[in-house]
Structure formats: structure tokens, C-alpha cells
Trainee: 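Structure below; questions to follow.
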Amino acid sequence: MYDPTSDWKDLTPQQAIQLQQQSASQVITRDDLPTITTVAGVDVGFENRDIARAAIVVLRLADLKPIDYAIARQPVPMPYIPGLLSFRECPVILEALAKLDRKPDLLLCDGQGIAHPRRLGVASHTGILTGLPAIGVGKSRLTGTHGPVPDDKGAWVPLEDKGETIGAVLRTRQGVKPLYISPGHRISLPTAIHYVMACVTRYRLPETTRWADGIASGRGWKWLDQLPERR
DNA sequence: GCGACAG
DNA sequence: ATCTTGTCGC
């Protein structure tokens, strides 16, 4: 099977861009989803400049309680280059996903989905590589323009680029910076917004992201105490 | 040529 | 992403 961990070895930025242009044509922006029972938060943190740590936390959509999780560590393959983030994070993410006992129905990844210069942000790339439905949940903008976002929870405005709507700038909570939501794979923008809001409680970030962030960033291993037993 | 630029 | 505590405001 295609293994980015080895196949992306010594990839030049130019080659990575070509790969993105090919893969982008495989992204599905229509709803092609199973019944969503579980959602997973996906995030990557760095122990230092050489080691990346991916954390995946699976939550039951009904009550947003964690039912499984996995962590993976790998040497960082390449430096951070805006637009090429997935080549840095996908390898570790795939390893962590493979360790899960319960495969999630939907992934909520840190970063962009199709709201990317070549329409292939980490969420889309992860979706293509795993075949799983995915949503991009970015804390800041990579590309695209938009008007002011009303200051009401749930309010959003389209994020556009080159004449097309590539995502939504969503106010998950009143009085906070909005989030950049975009389809990753096998999901439409309206449905993506729906599921992100379904994972939001009283904070700016959806619970999926909060759990994954807490574990991936090394601090708060206190979070682990609340996680279920693994078999 | 001059900025902008997910994590 | 990461270095880092308390503090101002709804």
C-alpha cells in the first residue's frame, strides 16, 4: 500500500506541489457520509524540532465523551512551509490512526481542508490517504478573503478564493476569533459547519480539537486520566 | 519586486 | 508549532 512515510522521503517542494495538484482532483466535496456516530480530533504537536507527536481522540457524537485515543511519534520529515503542511504531519497522523481500536466516522483536523492554494490542506490530504470523511478546522487563515463575521454563536460568512467558495469563517462562540472551516473530503461545507457546531460546547474550539490538542502538545497528560481504558 | 503565509 | 503567568473583561 501507498506509504507516505517512505514514499515522501526527500521530496522537493516542487515535487510536493505536483503531488498536491494530482491528489486534489480526488477530493470529494459532496456529502458521502455514513451515519455519524463517532467523531475524532486530529492534531500534531512537536516535542522539539525533530520529533512530531500526533494525537487522535475519538468521541461519541451523542455526548462528546472520549471512547478511544492513540498517539504516535515520528521524526519530523521536513521544515514547515506554508502550503505544504500535510507533508510534515500526515505520516505521523496515519500511524496514530492505524493504532485506533475504533475507527471514527468523521475526522476534524487542525488546519485547512480545501481552503488551500491548491485545494489540498492537511484535512483533505488526510481524507484522501485514509478514505475517511474529514473536515478542516483552522484557527487562522491560510488563503481566501471574507467579509465581517457577525458576533453571534453559529454565525458565519463564506471564505472565497478565485471566485469560488472554499470554506466558511465561523463564530463558534460570541466574542472570540472565528474559526476557518472547510470541507476536507467526502463532506459538503454546510454539513461540515453542522458537525463542527455539534462538537462545540462552551469554548471557541470544538471538543474534538480540545482533546487532541491537550494530548498532542505534551502538557496536560492530566487529560489521559479521563480517557477510557485501552485494550 | 513586495507582502502573505494552516501548524 | 513553540517560548510562558497572571490578568483584564464579558
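In what follows, chains carry the letters A, B, and so on, assigned in the order in which the sequence lines appear, proteins first and then strands, with residues in each chain numbered from 1. Source: prediction; values computed, not measured.
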Trainee: When hydrophobic residues are tied together by side-chain contacts of less than 4.5 Å, even through go-betweens, does A:V137 share a cluster with A:V27?
Mentor: no
Trainee: Compare the minimum distances between each of C:dT2, C:dC10, B:dA6 and the side chain of A:S217, then state the nucleotide with the smallest one.
Mentor: C:dT2
Trainee: Indicate, with a heavy-atom threshold strictly under 4.0 Å, whether A:G121 touches base, sugar-phosphate, or nothing.
Mentor: base
Trainee: Taking atom C1' of C:dA1 as reference, at what distance in whole Å does atom CD1 of A:I215 sit?
Mentor: 18 Å
Trainee: Please report, rounded to the nearest Å, how far the P atom of C:dC10 is from the CG atom of A:D152.
Mentor: 17 Å
Trainee: Would you indicate whether A:K65, at its atom NZ, is surrounded by more than 12 heavy atoms from other residues, nucleotides or ligands within a distance under 6.0 Å?
Mentor: no
Trainee: Hey, are A:D161 and A:R119 close enough for a salt bridge, meaning a charged N less than 4.0 Å from a carboxylate O?
Mentor: yes
Trainee: Can you tell me the distance, in whole Å, between the CZ atom of A:R118 and the C1' atom of B:dC5?
Mentor: 12 Å
Trainee: Which whole-number value in Å describes the distance from A:L159 CG to B:dC5 P?
Mentor: 12 Å
Trainee: Please confirm whether the shortest side-chain N or O distance from A:T143 to OP1 or OP2 of B:dA4 is below 4.0 Å.
Mentor: no
Trainee: When you compare the ring of A:Y80 with the six-membered ring of B:dG7's base, are the centres less than 5.5 Å apart and the planes under 30° from each other?
Mentor: yes
Trainee: Spell out, as yes or no, whether a donor-acceptor pair under 3.5 Å connects the side chain of A:E47 to the backbone of A:R73.
Mentor: no
Trainee: Could you tell me the separation between the CZ atom of A:R202 and the C1' atom of C:dC10, rounded to a whole number of Å?
Mentor: 13 Å
Trainee: Between the main-chain N or O of A:R186 and the side-chain N or O of A:D32, is there a donor-acceptor pair closer than 3.5 Å?
Mentor: no
Trainee: Please state how far atom OH in A:Y180 lies from atom P in B:dG7, giving the value in whole angstrom units.
Mentor: 10 Å
Trainee: Quickly work out the A:M78 CE to B:dA6 P distance and round it to whole Å.
Mentor: 14 Å
Trainee: How many Å lie between CG on A:L108 and P on B:dG7, as a whole number?
Mentor: 14 Å
Trainee: Contact class for A:L120 (heavy atom, under 4.0 Å): base, sugar-phosphate, or nothing?
Mentor: nothing
Trainee: Within the structure shown, what part of the strands sits under 4.0 Å from A:G83 by heavy-atom distance: base, sugar-phosphate, or nothing?
Mentor: base
Trainee: Side chain of A:F46 only, heavy atoms from C-beta on: which candidate in C:dC10, B:dA6, C:dT2 is closest?
Mentor: C:dT2
Trainee: State which of C:dC10, B:dC5, B:dG7 makes the closest approach to the side chain of A:R141.
Mentor: B:dC5
